[in-house]
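Residue numbers count from 1 along this sequence.
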Amino acid sequence: MPIQQSDVLYTAVATAENGRDGRVATDDGRLDVVVNPPVAMGGSGAGTNPEQLFAAGYSACFQGALAVAARREGADVSGSTVTAKVGIGKNKDGFGIVVEISADIPNADAETAATLIKQAHEICPYSKATRGNITVTLV
């Protein structure tokens with residue numbers, strides 16, 4: 001269920017200059033990076049790219065959701081890591097992305113880890129935002 005503007009607790013603000021071959025910065029100055037297309041897409045690869053930034057945000061958000069799921073289940077996710085792989089490629093509309101999420105949860109058995117990952121995918125705001133729009137694979 002979408003939230004209403006009155007429910008917003010925080011709003012991130014970022015401004016891009018020159019799209020995929022320029023610069024992106026947040027209004028508070030905490031993030032200020034050069035962006036360039038990766039070499040695989042014909043760019044210089046000198047800076048970061050939107051897919052890397054999305055992967056960073058998604059993995060961090062998913063890790064937080066994993067912690068929520070663990071609290072609900074009484075599980076231990078200390079020492080865990082979440083990796084998001086964001087792929088970009090051509091489709092019939094131009095370009096599209098796919099995401100693969102994996103988590104290493106050293107203090108949980110395979111069954112518990114799988115349950116936590118599925119629950120985190122239901123909780124994570126990034127997962128909710130992408131659901132039905134892009135393919136997200138949990139591994």
Contacts of Arg23 meeting side chain to side chain contact (heavy atoms under 4.5 Å, CB included) (sequence neighbours excluded), chain-then-number -> Glu17, Ala25, Asp32
Donor-acceptor pair between [X] and [Y] side chains, under 3.5 angstrom:
| X | Y | result |
| --- | --- | --- |
| Thr112 | Asp109 | yes |
| Asp27 | Thr15 | no |
| Ser80 | Gln63 | yes |

Would you say that [X] contacts [Y] through its side chain, given a criterion of any heavy-atom pair below 4.5 Å between the two side chains?
| X | Y | result |
| --- | --- | --- |
| Thr83 | Ser59 | no |
| Thr115 | Lys118 | no |
| Phe62 | Ile117 | yes |
| Leu66 | Ile105 | yes |
| Val34 | Thr48 | no |
| Cys61 | Pro125 | yes |
| Arg20 | Pro50 | yes |

### Message
Assess the residue pair Asn107 and Val77 against the criterion (side chain to side chain contact (heavy atoms under 4.5 Å, CB included)); give the C-alpha distance rounded to whole Å, side-chain angles, the decisive distance to 0.1 Å, and a yes or no.
### Response
CA-CA 6 Å; Asn107 297 321; Val77 293; over 6 Å; no
Residue pair [X] / [Y]: nearest heavy atoms and the distance that separates them:
| X | Y | result |
| --- | --- | --- |
| Gly19 | Val35 | O-CG2, 3.4 Å |
| Val24 | Ala16 | CG2-CB, 4.0 Å |
| Ala103 | Val82 | CB-CG2, 4.1 Å |
| Pro106 | Ser78 | CG-O, 4.1 Å |
| Val86 | Glu51 | CB-O, 3.8 Å |
| Asp28 | Leu31 | OD1-N, 4.5 Å |

I need the [X] [atom1] to [Y] [atom2] distance, nearest 0.5 Å.
| X | Y | atom1 | atom2 | value |
| --- | --- | --- | --- | --- |
| Asp104 | Thr81 | CG | OG1 | 4.5 Å |
| Glu73 | Gln119 | CD | CD | 4.0 Å |
| Thr137 | Ile101 | OG1 | CD1 | 9.5 Å |

Using a 3.5 Å distance criterion without hydrogens, assess whether the side chain of [X] forms a donor-acceptor pair with backbone atoms of [Y].
| X | Y | answer |
| --- | --- | --- |
| Thr135 | Val98 | no |
| Gln52 | Asn49 | yes |
| Asn36 | Gly47 | yes |

Worksheet item: Where do His121 and Arg131 land on the side chain to side chain contact (heavy atoms under 4.5 Å, CB included) test, with the steps shown first?
Response: CA-CA 10 Å; His121 190 48; Arg131 191 166 289 121; 4.0 Å; yes
Could you check Tyr58 against Cys124 for side chain to side chain contact (heavy atoms under 4.5 Å, CB included), going step by step and ending with a plain yes or no? CA-CA 9 Å; Tyr58 203 158; Cys124 176; 3.9 Å; yes
Residues pairing under salt bridge (Lys or Arg N to Asp or Glu O under 4.0 Å) where one sits in residues 88-100, two or more places apart or in two chains, turn out to be Lys85-Glu100
Step-by-step side chain to side chain contact (heavy atoms under 4.5 Å, CB included) determination, Val136 to Ile134: CA-CA 6 Å; Val136 177; Ile134 65 171; 4.0 Å; yes
